[in-house]
Structure formats: structure tokens, C-alpha cells
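Take a look at the structure below.
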Amino acid sequence: MLKVDSKINTNFIISSIILILLWIISLFGDSIELSYFSAIFGCIFTLKYISKFFNGSLNPFKFLSIASATLILTTNLSWLLSGLFVYNSFDINIFNFIDKSLNINHQFYIEAILYTLVFSLILFFFSLSKLLIADEKRLYINIFKAVLIKNKIIYTIIILIIILEILLINSNFITIRSFNQEDYQAGIIRWYIPYLGYIFHFHIAIAALLIVKVNYAKHKNFSYLIIIVSILLLSLIFFTRGRFQFLFTYVELLFWYCLFNKKLPTIKNILIITFIILPFAYYIILFGHYIRLTNEYIGDFKNQSLITTIENAQKYINNSVSANNIQDDSFKNLSSRTLLNYPLAKSLELGANQKKYLKGEYLINNLIWSIPRFLYPKKVDFLIAEELIVENFDLIFTDTSDSIHLFSYLEFWYFGLIIYPLILFLYWRFLLFIMKINYYNSLTSIFILSPSLLIFFTLAEGGLLGYFSLARDMLIFSMIFVFINKINKTNNLMEKK
């Protein structure tokens with residue numbers, strides 16, 4: 001059973017406080033050099049802390065702690081990446097870029113970073129609650145039992161999922177950034193579509209399990225074939241979801257591998273994998289942006305297969321003299337897209353008379369949106385995300401992060417620093433409760449929980465609707481299992497009579 005190392009947590013808290021102080025000095029000293037130093041320090045200590053979840057030092061299901069650490073990491077890493085992209089694309093420093101291109105004072109952006117760091121630290125304090133520890137340990141013990149599952153069962157499940165994924169791709173159901181379903185782009189989503197995500201994420205988890213068990217497999221070549229096909233298919237599927245989800249596929253694969261393996265891969269294997277994946281991932285990310293920029297030349301995504309779209313894009317890029325210009329546009333897009341705290345910085349810059357705090361409206365509206373459409377079709381009348389910002393703050397954002405810490409400020413001013421971490425704490429307790437009220441076997445637990453990695457690891461990117469939808473789906477699964485268990489008990493009683 002894993003023991004929570006209080007020394008590790010204490011070091012994280014001290015490092016977070018030091019990081020906040022460094023960013024405060026950078027703000028008042030208006031020092032770009034210190035901002036970069038602060039960001040590097042933030043990346044180093046959070047990566048070191050996060051590695052503890054991968055090497056078995058900390059319970060990997062302490063999702064609130066992970067959410068806090070990854071939010072600090074992405075905040076600092078995005079600052080470094082933006083500085084690099086801005087310099088390469090515009091040959092100016094990031095302060096000037098924010099001032100001139102984004103039309104906000106760069107000091108408000110640093111204030112937004114400070115808000116995010118304080119938010120993360122408070123969330124981390126909530127994650128240390130003893131109310132969570134027992135349930136998190138129980139969840140870990142249950143899921144780890146999956147290593148005892150026979151390989152034949154794993155082969156069968158993965159092969160069935162591979163067949164399904166190939167059928168979805170060949171039938172033109174999976175397209176770039178969408179599913180080929182009528183009215184999908186209008187937000188009308190068939191009931192079964194969210195559960196495809198469960199299958200895809202479940203595929204990642206059991207593929208990682210097979211990687212761990214491959215050394216003990218009787219048919220190693222067959223196992224390797226299944227693993228390679230799985231990774232290729234998952235890469236293709238999550239490539240269609242966007243660059244962020246594509247990259248996270250490999251993080252998720254590493255998470256499950258380390259969980260079942262109880263340690264990180266060797267340094268040698270990490271280096272080999274990194275040298276293979278990084279150039280591949282870099283090209284795929286740029287290629288995905290090429291497709292977005294050149295869709296008018298390569299055809300309508302909805303009326304052609306995914307493979308055809310990729311082939312047409314590759315032909316256009318290979319034959320086009322403007323390919324270099326597309327690459328430049330990609331870097332320019334990344335220059336601003338990686339500034340994840342831009343909406344929060346813009347909100348902080350507004351005068352007091354320009355702000356109309358939402359006071360829970362975003363929270364309630366997202367809760368309403370999580371209600372199935374057939375039960376409440378009028379839920380679309382309730383504004384969420386960017387529409388709420390336009391309505392109450394007169395700001396227009398496109399292609400930006402719909403983050404929880406942003407709306408914590410838009411909802412409750414600085415009181416959001418306490419209110420929203422508390423909401424996330426209660427939310428995680430609720431999910432753990434759902435996982436506890438029924439006895440799920442390890443595979444069922446993995447299936448139900450696997451999509452939650454994305455929302456907890458990527459707190460800087462996701463909005464509340466994803467959280468509420470996940471809780472709704474888990475509750476539905478729980479009710480189904482309660483119903484099945486009651487039927488089984490009734491049948492057993494009838495057989496005894």
C-alpha cells in the first residue's frame with residue numbers, strides 16, 4: 001500500500017511559495033530575465049514532483065495534487081514556449097509582444113500567472129485532506145489488480161476495440177476535429193458519442209497494461225503487433241481531436257504504464273523513446289495546423305474520409321510553394337495560443353465598471369448543460385463559456401483556453417481562489433464516492449475512470465462542462481451496475497428457492 005510522503009508534499013509547498021515570490025519580484029522589477037528564471041524553476045520542481053506519481057513514490061490517483069502540479073507546470077512552460085515562438089516569429093521579446101500584439105499591459109499577464117499559481121497552491125492544500133487518502137488508496141489497490149488479468153482476456157478486448165476503431169475510421173465517422181454526425185458542429189451530439197471517448201481512453205490504458213505484461217507473454221511477437229497497431233490507431237484518432245489531445249495520448253500511455261509497472265522506464269529507454277517521439281510529434285503538430293490552414297484547398301472534412309483528408313493535405317503541402325509560409329503561420333499561431341492566461345490577464349486589466357461578475361451563473365449553467373438533451377432540450381438557452389464572457393465582460397475570445405481558474409475569477413473575483421478549489425475538492429470526493437458505492441472489478445474501474453486523466457492533468461485547458469459530464473456519465477454507470485447487481489441477487493435468491 002502506498003504511503004503519502006509528507007516530506008515530498010512539504011517540499012512542493014515550499015517550492016510553490018518560492019515560485020510565487022519570484023514572480024512577484026519579476027512583476028515589480030519588470031524583469032523579463034527573472035520571469036524566464038522563475039518559469040524554469042517552476043518547470044523543474046513540478047516535473048520532479050510529478051515524476052513521483054510515475055515512479056511509485058506517491059499514489060497516482062491523487063488527482064487533485066496532480067491537477068495542481070500540472071497547472072503550475074503548464075503555466076510556466078507555456079511562458080517559456082511563448083517566449084521562444086515569439087522571438088522566432090517576430091524577433092521581439094515576449095513583453096513587447098503582449099503589449100503590442102495582444103493589446104494588454106504585460107504586467108497584467110504576470111498578475112494572471114500569479115493568480116494561477118496561488119489558485120494551484122490552494123488546490124494543493126485541499127488535495128492533502130485525509131478525507132481523500134483512504135478512498136484514493138482503495139482505488140489504486142483495486143485498479144492495480146489488473147496486472148493479474150490473463151493475457152488472453154487483454155488480447156480479446158484490444159482486438160475488439162481495434163476492429164471498432166478501424167470501422168469508425170473507414171466509415172468516415174471520425175473526421176478532423178469532429179464526428180461525421182448530422183448537427184454535430186451545431187452542438188447536437190448523439191447520446192453514444194461521449195462514450196466513444198471512454199473506449200479510446202480505455203484502449204490507451206489496457207495497451208499500457210499489455211506493454212507491462214509483454215515480457216511474460218507466451219506470444220511476444222503477437223503482443224508487440226497488437227501494441228504497435230494500438231499506438232498507431234490511437235495516435236491517428238487523437239490527432240483528429242487536436243494537437244493537445246494528440247500529445248496527451250503519450251502522457252496518458254506513460255501514466256498507465258508506470259502505474260502497472262510501479263516505476264518509470266529506464267533512462268536509456270526514456271531517451272530512446274524521446275528521440276523517436278519528439279520529431280514525430282513535432283511534425284504531426286505542424287501537419288495538423290497545416291490542415292486547419294489549408295482546408296479550402298484540400299476539401300470539406302465532412303464529405304471525405306479522414307485518410308483522404310490527410311493524403312490531400314500532404315499532396316498540397318508537398319506541391320505548394322507556400323508550405324514555408326504555412327509553417328510560419330503555425331509558429332505565429334503558437335506564439336499566442338501558448339499564452340494560456342491571456343483571457344485571465346485581459347479580464348484583470350478591465351476597469352471595475354466594466355466587470356459584471358457571474359456569481360455562480362457559469363457553474364449553474366454548466367450543470368444544466370450536463371443534463372441529457374432528451375430530458376431538458378432547452379438547456380441550449382443557457383449561456384456558457386465564451387458567450388457568458390461576451391455578455392458580462394464585453395470581451396471576445398476565440399481559440400483560447402476555457403479554463404477553470406479563469407472562470408473562478410470571472411465568477412467570484414478573488415474569492416474564486418478559495419471557492420473553486422473547494423468545488424474541485426468536493427467534485428473529486430464525489431467521484432471517489434461513486435467508485436466506492438459499487439464493487440467494480442479492475443477493468444471496469446479503469447474503463448470508468450480513464451477519461452478523467454485528461455481533465456485533471458489539463459486543468460489549464462478544460463472547462464467545467466467536461467467535469468460535470470464526466471460525473472454524470474460515472475453516475476449513469478453506477479446506476480446501471482446497481483440495477484445489474486439487483487437482478488443478479490434476485491436470480492440467485494430464486495435459484496436457492
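Counting only heavy atoms from C-beta outward, the side chains of I423 and F126 never approach each other to under 4.5 Å. With a 4.5 Å cut-off on side-chain heavy atoms, I18 and F45 do not count as touching. The closest side-chain heavy-atom distance from S127 to F425 is not below 4.5 Å. With contacts defined as side-chain heavy-atom distances shorter than 4.5 Å, the pair H203/L234 qualifies. Within the 4.5 Å cutoff, side-chain heavy atoms of F12 are placed close to those of S68. Side-chain contact between N59 and F53: absent, with no pair of heavy atoms (C-beta onward) separated by less than 4.5 Å. Residues H106 and I94 are not in side-chain contact: their nearest non-hydrogen atoms beyond the backbone lie 4.5 Å or more apart. For the pair L350 and F108, the minimum side-chain heavy-atom distance is 4.5 Å or more.
For the side chain to side chain contact (heavy atoms under 4.5 Å, CB included) test with Y420, the passing option among L464, L123, I122 is L464; the others fail. Shown are N9, N11, T70; of these, the side chain to side chain donor-acceptor pair (under 3.5 Å) with Y49 is made only by N9.
If you look at F456 and W428, their ring centroids are closer than 6.0 Å. If you look at F63 and F61, their ring centroids are closer than 6.0 Å. Within the 6.0 Å centre-distance limit, the rings of Y414 and Y409 are counted as a close aromatic pair. A centroid separation of 6.0 Å or more is found between the aromatic rings of F412 and Y357.
Between the side chains of T46 and N76, no donor-acceptor pair is found at a separation under 3.5 Å. Using a 3.5 Å distance cut-off with no hydrogens or angles, the side chains of S35 and S26 do not pair a donor with an acceptor. In the model, S235 has a side-chain atom that pairs as donor or acceptor with a side-chain atom of Y250 under 3.5 Å.
Taking the six-membered ring for Trp and thresholds of 30 and 60 degrees, Y36 and W79 have ring planes inclined between 30 and 60 degrees apart. Ring geometry, F238 versus F200: the interplanar angle exceeds 60°, so the pair is classed perpendicular (tilted spans 30 to 60°). Below 30°, between 30° and 60°, or above 60°: for F447 and Y198 the angle between ring planes is between 30° and 60°, a tilted geometry.
Nearest heavy atom pair, residue S450 against residue E252, reads O-OE2, 3.7 Å.
Panel note: side chain S101, backbone I98; no donor-acceptor pair is recorded below 3.5 Å.
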